[in-house]
**Q** 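Shown below is the structure under consideration.
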Amino acid sequence: MSHALFTSPPPTNTTTTTIPFTFSPSTRLRPSSLLPEQASLLLSQCTTARRLLEIHAAILRSEILHHTVVNFRLQKSYASLGYADKCQILFRRTPDPNVFFWTNAIHAHAIQGLCFIARLLFTEMLSSDATPNGYTLSAALKACRLSFGKVVHGYAIKQSLHTQPYVATALLDMYARGGDVEAARFLFDEMPEQPIVSTTAMITCYAKQGDLAQARQLFDEISQRDSVCWNAMMDGYAQYRKPNEAVNLFRQMLKSDSRPNEVTILAVLSAIAQIGCSSSGKWVHSFIKNKDNRIQLNTKVGNALIDMYYKCGNLEDACLVFDTMKEKDIVVWNTMIAGYAMHGQSQKALELFDMLRFRGLWPTDITFIGVLNACSHAGLVEQGYRFFRLMKVEYKIEPKVEHYGCMVDLLGRAGLVEEAYDLILGMNGIEPDAIMWGSLLASCRLYNKMSLAEKIANHVVSKGYANSGTYVLLSNIYAALGNWEKVTSVRQLMKESGVQKDPGCSAIELGNKVFEFVVGDRSHPKSRKIYAMLDELNAVIKAHGYVPDTDLVLHDLEEAEKEKALKVHSERLAVAFGLISTKPGTEIKIMKNLRVCVDCHNAFKLIAKVTRRKIVVRDRSRFHHFSEGLCSCGDYW
DNA sequence: TTAGGGTTAG
């Protein structure tokens, strides 16, 4: 590697006065030639690690490191470029570091998430000659959880630093991160003025607790909003599955004085992915492409785009973004693998996994969730076991409950229900969770494993894990057997436990709008036409061999009534609405909150055939691409 | 020198 310090010719004139005082970032440095002022200036302009190394070398050759300002600026530069370790080496060699040095070293580690070291440094500082000030406390608090944070709080009060706005906000933020809303709110109310930074910290605090109403109230009270507070509120909505509110806020923000930045884009793309509204996603993509908006298509933004596209059903667009990204970190690969898995393209997902290993990237626990999920959707039991072992043996990743969950899903879907059950029983030190039991229960339902299902259900109910899904699955199992007495008792149990069944809800995107339907929905203005279309569809697909699978219907109804109940499943309504609202041949895309039922799956294959349409359905676990009487999942899901 | 917002998942 060529290096400016070693390739430039020796200076003809050794006096430093000949060195120009203004440097561009590319100015080559001459050896043994820097004055302290010049070094400080260079360091303040330095933005890359390579340049910093050059300057560091020049400082050493110029023998000016003992100069306090030079030494401090050098440590600060390493800190701001994320090199906490280098910063610490220099710090340890600094005789009698003053409060600036201590604060910088603590801050350097805190922002890199090296919280333990940051806290150690702070403790060490307390027994040194330097005394922490407000700056130091703000830096240290970033590295604190509640327990140690309270100690710092005590120290702040003792030194009367707790009322300084920066310290108070850092304290507020510390309590907020620890989930102590009351303490955070107390500090907030105690502030004589509530700067926007503190208000935003408070908004984030509420949002993290899911108290979006309180967060919104504070947000609405801000008179001069900046980008950060918009982002905090938007992300709160996105995280708490209120994607429509997040997108609405984004629209308002565009009309305001604040400009969206990278964080805004990440939040709004996450919201759009949840809605599944690809036209909005494409709009945001073009917003990013527009240079005037100054959004860099870096790994995070690229990743959010891939995530959004595949969740909106546009796997091709997701691949296009993936292929054109110059720099891809492991997160980006993880997302693309998850995307292929969710669309049932398991082979592609596994190829991608091989490719990332070939490139020398180190898979993470999340990579393996994608890979195992891919195996699960394709019934690749042997492969799944192989990856499960590979993860432990080669990559030293201890499987978490999520990985076991994938394996249980994989085995259960493949009909190896008892094997899946044994796997759960054999988990060492890992407590099975509700999702895992739910998955196994679903497999029991699929393969009619009654006694195991009952055993699991009793266990789940007694452990208090039961959610609406558990009860619904159990009652479905009894309903399939025609045991209506048990169905009634499960429904009674469900009522007593206060658990409510999530109503099935499907959304369809038409033009730039998203229309939602719940089961038996009659609220749409075109309701009459929708139901007429449903009747017509039912008649036609029956002629093509459709037999309603009434096993799943909960209620103890006559056959004709059961058929009626199936016909009004939300996804059916959405398809009917799509058919009457679009030109022949247009692809129909539907997003459902729950898993699509067997009966709707059968119906959709035939609807796609008779209407010669492609129908794409995103359900809770994957995508189904229906076309010409078949589904991309091969009826395995 | 200092405080607030952020990517992937069964």
Side-chain angles (χ1 to χ4, degrees), chain A residues 72-73 75-76 79-80 98-108 110-111 132-142 161 164-174 176-177 191 195-205 207-208 226-236 238-239 261-270 273 298-308 310-311 329-339 341-342 364-373 376-377 399-410 433-436 438-439 620-621:
Chain A
F72 175 72
R73 286 208 179 265
Q75 289 185 34
K76 196 172 174 303
S80 63
N98 63 26
V99 60
F100 281 65
F101 285 90
W102 281 102
T103 303
N104 180 56
I106 294 166
H107 185 240
I111 56 170
N133 58 22
Y135 295 86
T136 323
L137 296 188
S138 324
L141 283 165
K142 264 196 223 303
L161 293 168
Q164 286 186 7
Y166 281 73
V167 177
T169 308
L171 282 166
L172 193 166
D173 178 55
M174 182 272 295
R177 275 184 286 109
M191 291 177 178
I196 189 163
V197 180
S198 316
T199 313
T200 307
M202 203 60 232
I203 288 172
T204 311
C205 178
K208 289 230 161 85
D226 64 4
S227 299
V228 182
C229 74
W230 282 99
N231 294 347
M233 195 62 235
M234 221 179 285
D235 192 60
Q239 296 293 321
N261 59 22
E262 184 188 319
V263 181
T264 323
I265 296 301
L266 297 180
V268 76
L269 282 176
S270 154
N298 56 22
T299 54
K300 285 182 187 176
V301 173
N303 183 62
L305 279 170
I306 296 169
D307 181 66
M308 177 278 292
Y310 95 69
K311 285 181 181 162
D329 62 6
I330 186 66
V331 175
V332 175
W333 287 83
N334 288 352
T335 304
M336 198 64 241
I337 289 174
M342 198 173 175
T364 64
D365 56 336
I366 292 164
T367 320
F368 283 99
I369 289 176
V371 168
L372 293 174
N373 200 11
S376 182
H377 286 313
K400 295 182 185 168
V401 65
E402 289 91 337
H403 299 100
Y404 279 102
C406 292
M407 288 304 291
V408 167
D409 199 52
L410 166 61
D433 65 6
I435 301 171
M436 190 177 242
S439 156
R620 187 168 249 192
S621 81

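Letters A, B, ... are given to chains in the order of the sequence lines, protein chains preceding strands, and every chain is numbered from 1. This is a predicted model, so every value here is computed, not measured.
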**Q** Determine the contact category for A:Thr103: base if any of its heavy atoms lies under 4.0 Å from a base atom, sugar-phosphate if only primed atoms, P, OP1 or OP2 are that close, otherwise nothing.
**A**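 Answer is base: heavy atoms of A:Thr103 come under 4.0 Å of a base.
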**Q** Under 4.0 Å, counting only non-hydrogen atoms across every strand here, what does A:Asn104 touch: a base, just sugar-phosphate, or nothing?
**A**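 The answer is nothing, as A:Asn104 stays clear of every strand by at least 4.0 Å.
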**Q** Counting the atoms with a prime plus P, OP1 and OP2 as sugar-phosphate, which does A:Asp226 contact under 4.0 Å by heavy atoms, base, sugar-phosphate, or nothing?
**A**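 Base, at least one base atom sits under 4.0 Å.
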**Q** Using a heavy-atom cut-off of 4.0 Å across all strands, would you classify A:Val401 as base, sugar-phosphate, or nothing?
**A**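 A:Val401: base contact, heavy atoms under 4.0 Å.
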**Q** Checking side-chain polar atoms at under 3.5 Å, does A:Thr335 have a donor or acceptor matched by the opposite partner on A:Asn303?
**A**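 A:Thr335 vs A:Asn303: donor-acceptor pair found between side chains.
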**Q** Using a heavy-atom cut-off of under 4.0 Å over every strand shown, decide if A:His403 touches base, sugar-phosphate, or nothing.
**A**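 Touches nothing.
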**Q** Give a yes-or-no answer on whether the side chains of A:Asn261 and A:Ser227 include a donor-acceptor pair shorter than 3.5 Å.
**A**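 Their side chains do not contain a donor-acceptor pair, so the 3.5 Å distance test is not met.
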**Q** Let me confirm one number: the CZ-OG1 distance from A:Phe72 to A:Thr103, rounded to the nearest 0.5 Å.
**A**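 Spacing of CZ (A:Phe72) from OG1 (A:Thr103) equals 8.0 Å.
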**Q** Using a heavy-atom cut-off of 4.0 Å to chain A, what are the terminal contacting nucleotides of DNA chain B, in 5' to 3' order?
**A**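 With heavy atoms of chain A under 4.0 Å away, the range is B:dT1 to B:dG10.
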**Q** For A:Gln75, answer base if it contacts any base atom (sugar-phosphate contacts may also be present), sugar-phosphate if it contacts only those atoms, and nothing otherwise; contact means non-hydrogen atoms under 4.0 Å.
**A**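 No contact.
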**Q** Which is true for A:Ile196 with a 4.0 Å heavy-atom rule: it touches a base, it touches only sugar-phosphate, or it touches nothing?
**A**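 Base contact.
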**Q** Need one value for A:Tyr310: base, sugar-phosphate or nothing, where a base atom within 4.0 Å counts as base even if backbone is also close, heavy atoms only.
**A**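 Touches sugar-phosphate only.
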**Q** Give A:Lys400 one of three labels, base, sugar-phosphate or nothing, depending on what nucleic acid heavy atoms sit under 4.0 Å from its own.
**A**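 Nothing, no heavy atom under 4.0 Å.
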**Q** Begin with the C-alpha distance, continue with both residues' side-chain angles, and end with the deciding distance and a verdict on side-chain contact (heavy atoms from CB on, under 4.5 Å) for A:Val331 and A:Thr299.
**A** CA-CA 8 Å; A:Val331 175; A:Thr299 54; over 6 Å; no
